[in-house]
Protein chains: 2
Amino acid sequence: MTTHLFISPRAQPLPRWQHAFPDATLAARPGARRADVVWWMPPQFDASALDALIADLPAGTPLVVLSSEPSQADAMQALAAGARAYCHAYATPAMLQQVAVVVLNGGLWLGPELMSTVMGVASKQLLADVDPAAATRLDALTPRERAVAIEVAHGATNKEVARRLDITERTVKAHLSAVFEKLGVRDRLQLVLELKQPPASVDRAA
Amino acid sequence: MTTHLFISPRAQPLPRWQHAFPDATLAARPGARRADVVWWMPPQFDASALDALIADLPAGTPLVVLSSEPSQADAMQALAAGARAYCHAYATPAMLQQVAVVVLNGGLWLGPELMSTVMGVASKQLLADVDPAAATRLDALTPRERAVAIEVAHGATNKEVARRLDITERTVKAHLSAVFEKLGVRDRLQLVLELKQPPASVDRAA
DNA sequence: CTGCCTATTGGACCGGTGGACAGGGTCGCC
DNA sequence: GGCGACCCTGTCCACCGGTCCAATAGGCAG
């Protein structure tokens, strides 16, 4: 049985929530509650509150952000913070259940329009970003090392990498040390510079 | 009953496919077949073939791209073309079923690593549209702050910056804190990314 | 003169980082 | 079976990075 936790300042859960998930619990404020899916409906969108909420959630717990007035900007902030879905608070029970199914199975749910916007931008960016120079130098690395290197190249801390790759921070360090060694850089910052610089000029050509 | 169509050049379906979806049909070549979910496993990744395949699919039919050797670059191309999921061809039947559930409910399935990569990049890009703070540049800084920022952007440590500018390491920290604050970044790594990833212009008109 | 900004520095504090020891496991290859 | 990769985890420790608490001093606008 999957458990659902709705976090909302409102006194009563929306009827459609109960309709969709009769056994769901409701909390007025975020807490270190455990649940299979956490639904968050803030009175008004607050990025920092969302960050704090996600930080407190057990790793891997999917968060769905609900909004009575969805906006693209809010959705983006929600996704940036790590939410796995963003949808209308007054969506039909059937749709809420669909969303739950998606996030419970490791998916991302955004609704058609947002989805296409996100995918368009993301794929364009990543195609231009990961493909070119990086590949040539990264192929000396093992797949796992490469994954860590790419995360770091995007600015992630060890803790964040660990969370995203679902490994220990210690393991991240291990891979990272190997990466530094293989690429001949002294720290993560040099790694970023190495991967961002086009391969053209190898400055120690002297 | 949901119908599954596997498109693969191989003569026999993989056992795990049959295990996951006993009623699935197999086709060697793309065609205008109808199905609730289409799974495509190309002998090797081919972006144009993928485009053609998606064009022939009934609108709204989710496509899952399978790969026996997943790569981030291929995944990006698949997503750009409109695939709704990208996963390992030898994933467990349970995972394949999860993927099916996700895409059938309007979700996107990428696996944890790719997912975080995509979301990170996409949200950063889209937020830049919405949040002008992130687009702020060096001209908002005082001359001294700018000098420090540039040194750091070249990969210098605080100690190195201090030596080059002939000031105390402590002072470097002070300037840096101001820089972080003004540019809205959390640390030197984000600063480097901000300065390396230049144009604030997001050509999202398309 | 009175703020206000800028540049500079000090000390204390804490979390992030990277190296140096460890070890555990799986897999494929000889 | 051994041997070497790759992946994952652990502890200890020195160092770096960033923030918070200050303080001093010059320039500039009101």
Side-chain angles (χ1 to χ4, degrees), chain A residues 48 51-52 55-56 59-60 138-195, chain B residues 16 68-72 88-92 111-114 116 136 138-195:
Chain A
S48 57
D51 282 334
D56 280 347
L138 289 182
D139 54 8
L141 307 179
T142 71
R144 216 52 175 158
E145 289 166 355
R146 201 175 307 130
V148 172
I150 290 175
E151 290 294 333
V152 170
H154 286 343
T157 66
N158 287 342
K159 204 184 295 279
E160 289 168 343
V161 175
R163 202 182 168 90
R164 283 179 207 168
L165 301 190
D166 196 32
I167 54 180
T168 313
E169 195 177 337
R170 179 62 190 83
T171 308
V172 174
K173 289 184 180 182
H175 289 309
L176 211 40
S177 289
V179 171
F180 294 156
E181 170 72 19
K182 288 185 179 177
L183 297 189
V185 296
R186 70 172 178 217
D187 55 28
R188 63 208 298 114
L189 213 133
Q190 300 296 327
L191 173 62
V192 170
L193 293 174
E194 192 67 25
L195 295 184
Chain B
R16 24 200 21 162
S68 57
E69 203 163 329
S71 92
Q72 180 144 326
H88 203 292
Y90 296 88
T92 63
E113 303 180 19
L114 245 185
S116 67
T136 320
L138 286 180
D139 46 4
L141 306 179
T142 70
R144 214 53 173 157
E145 289 166 354
R146 201 175 307 130
V148 173
I150 290 174
E151 291 294 332
V152 169
H154 286 352
T157 66
N158 286 343
K159 206 184 295 278
E160 290 168 342
V161 175
R163 195 170 335 115
R164 281 176 211 169
L165 300 188
D166 195 32
I167 52 180
T168 313
E169 192 178 340
R170 180 62 191 80
T171 310
V172 175
K173 288 186 177 183
H175 288 310
L176 260 186
S177 288
V179 171
F180 296 156
E181 168 72 19
K182 287 184 179 177
L183 297 190
V185 296
R186 69 172 178 215
D187 55 28
R188 65 206 299 113
L189 205 53
Q190 301 295 328
L191 173 63
V192 170
L193 292 174
E194 193 66 30
L195 297 183

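Residue numbers start from 1 in every chain, and the chains themselves are labelled A, B, ... in the order their sequence lines are given, proteins ahead of strands. Bear in mind the structure is a predicted one, so any value in this text is a computation, not a measurement.
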Side chain A:Thr157, main chain A:Glu160, donor-acceptor under 3.5 Å: yes

Check: B:Gln190 main-chain N/O paired with B:Asp187 side-chain donor or acceptor under 3.5 Å: yes

All salt bridge (Lys or Arg N to Asp or Glu O under 4.0 Å) counterparts of B:Arg163, not counting sequence neighbours: none

For B:Arg170, all residues meeting side-chain hydrogen bond (donor to acceptor under 3.5 Å, both in side chains), sequence neighbours excluded: none

All N/O pairs under 3.5 Å across the protein-nucleotides 26-29 of chain C interface:
none

For [X] and [N], give me the distance from atom [atom1] to atom [atom2], rounded to whole Å.
| X | N | atom1 | atom2 | value |
| --- | --- | --- | --- | --- |
| A:His175 | C:dG18 | NE2 | P | 15 Å |
| B:Glu181 | C:dT6 | CD | C1' | 16 Å |
| B:Leu165 | C:dT8 | CG | P | 8 Å |
| B:Lys182 | C:dC5 | NZ | P | 10 Å |
| B:Glu145 | C:dA7 | CD | C1' | 9 Å |

Point-to-point distance, once rounded to the nearest 0.5 Å, from [atom1] of [X] to [atom2] of [Y]:
| X | Y | atom1 | atom2 | answer |
| --- | --- | --- | --- | --- |
| B:Asn158 | B:Thr168 | CG | OG1 | 12.0 Å |
| A:Leu176 | A:Thr171 | CG | OG1 | 12.0 Å |
| B:His175 | B:Leu165 | NE2 | CG | 8.0 Å |

Presence of A:Thr168 side-chain N/O under 4.0 Å of D:dG10 phosphate oxygens OP1/OP2: yes

Touch class at under 4.0 angstrom, heavy-atom based, for B:Thr171 against every strand present: base

Where B:Gly155 and A:Leu189 come nearest, the two heavy atoms and their spacing: CA-CD2, 3.3 Å

Heavy-atom pair of closest approach, residues A:Ala149 and A:Leu195: O-CD1, 4.3 Å

Degree of bending, the helix from C:dC1-D:dG30 to C:dG23-D:dC8 (end axes from five pairs; round to 10°): 30°

Check: A:Val192 and B:Leu193 side chains under 4.5 Å, non-hydrogen atoms: yes

Within residues 142-157 of chain A or reaching into it, pairs that qualify as salt bridge (charged side-chain N to carboxylate O under 4.0 Å, His left out) - sequence neighbours excluded: A:Arg144-B:Glu113, A:Glu145-A:Lys182, A:Glu151-A:Arg164

Contact state string [nucleotides 17-30 of chain D, B base, S sugar-phosphate only, - no protein heavy atom under 4.0 Å]: BBBBB---------

